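Order of the sequence lines fixes the chain letters, A, B, ..., with proteins taken first and strands second; residue numbering starts at 1 for each chain. Owing to the predicted nature of the structure, the values given are computational and were not obtained by experimental measurement.
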Amino acid sequence: MDNRGDPRNVIEMMKKGNRRGLAKAISMVEDGGPEKEILLEYAYHQEAPQTMVLGVTGAGGAGKSTLIDKLVAEYRERGKTVGVIAVDPSSPYSGGAFLGDRVRMSNHNTDIGVFIRSFGSRNCLGGMSEAAKNVLYLYKAFGFDVVIVESIGVGQDETEISRFVDVTTLVLVPGLGDAMQMAKAGVREIADIFVINKSDKPEAEVLKEQLLNSFGILPLEIRPPVISTVASEGTGVAELVDAVADMAEKQQEHSEKKRRERIWAEVSSSVLYLMNIKLQKHILDITEEVYKGKTTPFEASRRLADCIQYRRETK
Amino acid sequence: MNKERKIRILLAKSGCDIHERGALTLLNVFRDAGMEVIYTGRFQSPEGIANAAVTEDVDVIALSDLTGSLVIIAKQVKAALKAIDAEDIKIVSGGLLTDEDVAELEAMGVTGNFGTGSPTDAIVEHIKELMAGE
């Protein structure tokens, strides 16, 4: 049932700015195989430097989709084209997924300056599906001014997204926990900008106080901005867009470091992904051996890991 | 690197129909059948549905409506798909249907056409068959 055709045609379509071309290219990358390699090879060399990638993360129900809907509207108002990558969880049992982020963003369905695509996580931890990371290249090659990545609302330990985007925003809502939650490490540390959504609720002020307190003795100039929003009404969205622009500019100073980190994250993630597929057969073999008592899990896994030998390319 | 391609469905509601139960039920049914289903929400325009179907690169658009307007909606969505050169995306429908509606929809190339109370297995089966022909 593969009628997707030749990736080269799809690339031609993308070059002409055809949205269907981009949509098909995304599917090919998501499904993997030789087409994926060709498309990523093309996209990697096309990367438009002006694209700003904004990550939006936070717990489920925090209002990420609604906030993105309003962010898109604000960026459109400012004359920018916007691509959205919305990741929702896939079912671990059936592999299927109900992708519902679009429901909140349906105002933009008829706007051809906006491209929204929903992704099932397809059993990847860390909030961003393997495909979504690769697809970022396609979005950049297509030349959007702004790309917004919404990641699954896992909550506490969802730090991977920050390596793949330019600016990470963490969306918090009042009523989810006290100061202890604020003090926890993890996702809180990766946020460049904090958003307190549903800030018309009475506990919002307390949350803001706690958040500001949690910055402790950080010097004022490096404290992340805290923006209060009411996404459903659009309150605070323009301020957020301004804060994102400021932050993106500030990030330029560390762009070298950030680029290294991103390459590192990308290579690690894709190596682990490929290894996982490649080694599955051996892991099943080992499982059987350990089950029969022929070896220990530690011994067998070390033996397998020792087989990997990488030689640096010499040119 | 998924060996088999997942079936992607856009579940869409157009017009002024408020009745969402059928759509919400099917979202779970399709998910449990291992498909990726994207919901547009209610009150969508035909053009919006066509655009969403293209950007999501779905195989099938599933139209749900319980106001007795499926023929009109299907016609509009088909026209909107044609306008953006995406006629190859298949359309199935379900909801409140008369026998005349079903005949008209079938003639348009809209398949399935499940009335209220249809077993969900039959709906999943129909989509799988539709995709197997690809």
Side-chain angles (χ1 to χ4, degrees), chain A residues 1-4 10 13 18-34 36-37 65 83-84 86 88-91 93-112 114-123 130-131 273-274 276-278, chain B residues 1-14 20 23-59 80-81 83-90 124 128-134:
Chain A
M1 51 185 254
D2 208 340
N3 63 342
R4 300 225 188 272
V10 171
M13 283 164 91
N18 184 322
R19 294 152 56 83
R20 201 143 195 226
L22 175 59
K24 295 252 174 236
I26 293 171
S27 300
M28 285 178 182
V29 167
E30 220 184 355
D31 292 338
K36 173 178 164 184
E37 317 273 316
S65 301
V84 178
D88 264 337
S90 293
S91 158
Y93 303 111
S94 71
F98 160 34
L99 310 172
D101 291 321
R102 260 201 113 86
V103 177
R104 313 266 173 241
M105 306 177 197
S106 60
N107 291 331
H108 308 292
N109 274 351
T110 46
D111 181 353
I112 56 157
V114 181
F115 187 99
I116 303 169
R117 179 68 177 248
S118 318
F119 293 84
S121 62
R122 302 201 181 170
N123 300 333
E130 183 64 28
Y273 177 74
L274 292 174
N276 194 18
I277 294 169
K278 204 169 176 159
Chain B
M1 239 165 254
N2 299 280
K3 274 119 231 146
E4 74 186 65
R5 237 187 77 206
K6 283 205 177 357
I7 297 177
R8 280 171 74 91
I9 306 177
L10 184 76
L11 192 63
K13 283 183 75 65
S14 180
E20 205 172 25
L24 295 181
T25 306
L26 281 179
L27 290 173
N28 287 330
V29 168
F30 289 143
R31 184 200 60 203
D32 292 343
M35 304 172 185
E36 288 186 342
V37 50
I38 299 123
Y39 187 35
T40 59
R42 293 175 286 182
F43 320 126
Q44 299 303 304
S45 64
E47 293 75 19
I49 292 173
N51 264 325
V54 163
T55 59
E56 297 288 355
D57 194 26
V58 294
D59 308 294
L81 283 174
I84 53 173
D85 205 16
E87 286 167 287
D88 53 306
I89 299 175
K90 298 182 171 59
V124 168
K128 282 187 178 159
E129 268 169 30
L130 198 62
M131 292 318 299
E134 279 295 296

Heavy-atom nearest pair, B:Thr55 first then A:Ile116, reads OG1-O, 3.2 Å
When the 4.5 angstrom heavy-atom criterion is applied to A:Tyr93 and chain B, the contacting part is neither
Chain A shares the most heavy-atom pairs under 4.5 Å, among B:Gly41, B:Ala50, B:Gly34, with B:Gly34
Assert top hit (heavy-atom pairs under 4.5 Å, partner chain B, pool A:Val103, A:Asp111, A:Val29) equals A:Val103
Comparing A:Thr110, A:Leu22, A:Ile112, A:Leu99 against chain B, the one with the most heavy-atom pairs below 4.5 Å turns out to be A:Leu99
query: Does a side-chain N-to-carboxylate-O contact under 4.0 Å join B:Arg42 and B:Glu20?
result: yes
Scored by heavy-atom pairs under 4.5 Å with chain B, the best of A:Arg19, A:Arg104, A:Arg117 is A:Arg117
Polar side-chain atom of A:Ser91 near backbone of A:Gly96 as donor-acceptor pair, under 3.5 Å: no
Turns out that what part of B:Gln44 lies under 4.5 Å from chain A's heavy atoms comes down to side chain
Item to check | Pair A:Ser65, A:Asp101: side-chain N/O donor-acceptor within cut-off below 3.5 Å | outcome: yes
Okay, B:Ala80 and chain A: the region with an atom under 4.5 Å from a heavy atom over there is neither
Sidechain-backbone polar pair: A:Ser27 side chain, A:Ala23 backbone, donor-acceptor under 3.5 Å
yes
message = Donor-acceptor check, side chain of A:Asp88 to backbone of A:Ala97, threshold 3.5 angstrom: yes or no?
response = no
